[in-house]
A.B. asks: 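I have a structure I would like to understand better, so I am pasting it below and will then ask my questions one at a time.
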Amino acid sequence: MKYLLRTKITTPLRRMGLGFIFVLINFRIVIGIYSFDILADFIGYFLIYRAAVALSSSSSAFRRGSWLALLLSVISLPKSFMPSTNTAESFQSIPIGTHLYDQALHLFLIILVYFVYRGLWDLPLWYYIRSGLLKQSMRKRSIWLIGALMLEMLLYPFFLNSREDTIVYIMFPLLISAILFILFIRVLYRMAKAAEYVRG
């Protein structure tokens, strides 16, 4: 059982955590008028897709999530070569089509996190962990992250209509989302580590 948990759960969870790290971090290199995201989102979504496929036998939510992650991997490819919408200096100068594209990706990300949360809840790992603290932590952090991402999306129109000297304060929800994202990723690695210690 220990071997099965390590191969069927531990490795995919770590791969999924790495995928979300790629999605979270935006590290761009600018060459002239061109920019490229080194930690490209499409790579992260593909890692999440691979992890969800490996975990799909334990939950139908992972199966749905795998298809969504694959879709995101494809449609987020252009984002790696587009200007970032996360800087106050250039936010309002970006074409409206780019903003709509970015928000569509954001909506799909919220749905993906929900599928991942439902899949994590159904994992057989919980039958072998006596303490329920880790499961409750996973549940709270998932719900908090989904809520923060939804709030960020609801506030997005206000970003477009704000003055440049006040947009920095409105971007505060972005920081909250980033912190909750880090906590969510950390719980994935904690679950992976917990699976390694299961004896059977």
Side-chain angles (χ1 to χ4, degrees), residues 5-29 36-82 84-86 101-125 134-135 137-150 152-153 174 176-196:
L5 285 175
R6 179 174 298 174
T7 56
K8 299 292 186 179
I9 295 181
T10 300
T11 302
L13 285 179
R14 286 177 174 162
R15 184 181 295 132
M16 183 174 289
L18 180 61
F20 277 115
I21 290 174
F22 272 74
V23 174
L24 172 64
I25 300 177
N26 187 4
F27 188 78
R28 290 185 172 270
I29 288 183
F36 178 73
D37 186 6
I38 295 180
L39 301 178
D41 288 2
F42 73 90
I43 298 176
Y45 286 125
F46 186 75
L47 291 173
I48 296 170
Y49 160 73
R50 290 285 307 277
V53 168
L55 296 168
S56 60
S57 61
S58 62
S59 174
S60 59
F62 277 129
R63 187 161 54 253
R64 299 187 189 97
S66 67
W67 285 108
L68 183 55
L70 182 60
L71 175 64
L72 278 165
S73 180
V74 174
I75 65 177
S76 66
L77 181 59
K79 186 180 180 182
S80 301
F81 305 94
M82 296 171 65
S84 174
T85 59
N86 294 331
Y101 167 74
D102 192 66
Q103 286 305 283
L105 292 178
H106 192 84
L107 177 60
F108 286 141
L109 173 60
I110 294 174
I111 299 173
L112 176 62
V113 173
Y114 173 76
F115 282 144
V116 169
Y117 157 63
R118 293 304 309 171
L120 294 175
W121 187 267
D122 295 335
L123 284 179
L125 171 67
L134 181 56
K135 188 174 186 179
S137 178
M138 181 277 296
R139 178 178 178 273
K140 289 180 181 179
R141 294 183 184 188
S142 299
I143 293 175
W144 289 347
L145 176 58
I146 292 172
L149 292 174
M150 291 177 65
E152 183 182 326
M153 190 170 186
L174 299 177
I176 300 298
S177 296
I179 293 173
L180 292 174
F181 230 130
I182 293 171
L183 293 175
F184 176 73
I185 293 170
R186 184 172 180 269
V187 86
L188 290 175
Y189 281 98
R190 286 175 59 195
M191 290 173 61
K193 187 174 182 180
E196 287 189 332

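What you see is a predicted model, and the numbers here were worked out from it, not measured in a lab.
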A.B. asks: Please check if the number of heavy atoms outside Trp121 that lie under 6.0 Å from its CH2 is greater than 12.
C.D. replies: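 Atom CH2 in Trp121 is crowded, with more than 12 foreign heavy atoms closer than 6.0 Å.
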
A.B. asks: Would you please name every residue forming a side chain to side chain donor-acceptor pair (under 3.5 Å) with Ser66, sequence neighbours left out?
C.D. replies: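 For Ser66 there are no side chain to side chain donor-acceptor pair (under 3.5 Å) partners, ignoring immediate neighbours.
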
A.B. asks: Of the non-hydrogen atoms in Thr10 and Ala195, which two are nearest, and what is the gap between them?
C.D. replies: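 Heavy atoms only, the tightest pair is OG1-CB, 3.2 Å.
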
A.B. asks: With sequence neighbours left out, write down each residue that passes side chain to side chain contact (heavy atoms under 4.5 Å, CB included) with Ser60, or none if nothing qualifies.
C.D. replies: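 Ser60 satisfies side chain to side chain contact (heavy atoms under 4.5 Å, CB included) with Arg63, Arg64 only.
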
A.B. asks: Working to the nearest 0.5 angstrom, can you tell me the gap between Ser58 OG and Asp122 CG?
C.D. replies: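 Atom-to-atom, Ser58:OG and Asp122:CG are 7.0 Å apart.
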
A.B. asks: Ser73: which residues meet the side chain to side chain contact (heavy atoms under 4.5 Å, CB included) condition with it, sequence neighbours left out?
C.D. replies: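 So Ser73 forms a side chain to side chain contact (heavy atoms under 4.5 Å, CB included) with Phe42, Tyr45, Phe46.
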
A.B. asks: Roughly how far apart are Arg190 CZ and Leu134 CG, rounded to 0.5 Å?
C.D. replies: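 So the gap between those two atoms works out to 5.0 Å.
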
A.B. asks: Taking only residues at least two apart or on different chains, which pairs with a member in residues 38-60 satisfy salt bridge (charged side-chain N to carboxylate O under 4.0 Å, His left out)?
C.D. replies: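 As it turns out, the salt bridge (charged side-chain N to carboxylate O under 4.0 Å, His left out) pairs with a partner in residues 38-60, which skip direct neighbours, are Asp41-Lys79.
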
A.B. asks: Only distances under 3.5 Å count here; give the side-chain donor-acceptor pairs of residues 139-148 to other protein atoms, sequence neighbours excluded, each with its distance to 0.1 Å.
C.D. replies:
from   : atom 1 : to     : atom 2 : distance (Å)
Arg141 : NE     : Ser137 : OG     : 3.3
Arg141 : NH1    : Leu183 : O      : 3.0
Ser142 : OG     : Met138 : O      : 2.7

A.B. asks: With rounding to the nearest 0.5 Å, note down the distance linking CD1 in Ile182 to OG in Ser177.
C.D. replies: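 Ile182 atom CD1 to Ser177 atom OG measures 11.0 Å (nearest 0.5 Å).
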
A.B. asks: When rounded to the nearest 0.5 angstrom, what distance separates CD1 in Ile43 from CG in Leu77?
C.D. replies: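 If we round to the nearest 0.5 Å, Ile43:CD1 and Leu77:CG are 9.5 Å apart.
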
A.B. asks: Would you find more than 12 non-hydrogen atoms of other residues, nucleotides or ligands less than 6.0 Å from Tyr189 atom OH?
C.D. replies: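 Check passes, neighbour count above 12.
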
A.B. asks: Side-chain atoms of residues 12-25: list all donor-acceptor pairs with protein atoms under 3.5 Å, sequence neighbours left out, distances to 0.1 Å.
C.D. replies:
from  : atom 1 : to     : atom 2 : distance (Å)
Arg14 : NH1    : Glu196 : OE2    : 3.2
Arg14 : NH2    : Glu196 : OE1    : 3.4
Arg14 : NH2    : Glu196 : OE2    : 3.3

A.B. asks: Minimum heavy-atom separation for Gly65 to Leu112, with atom names?
C.D. replies: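 In terms of heavy atoms, the two residues are closest at O-CD1, 3.4 Å.
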
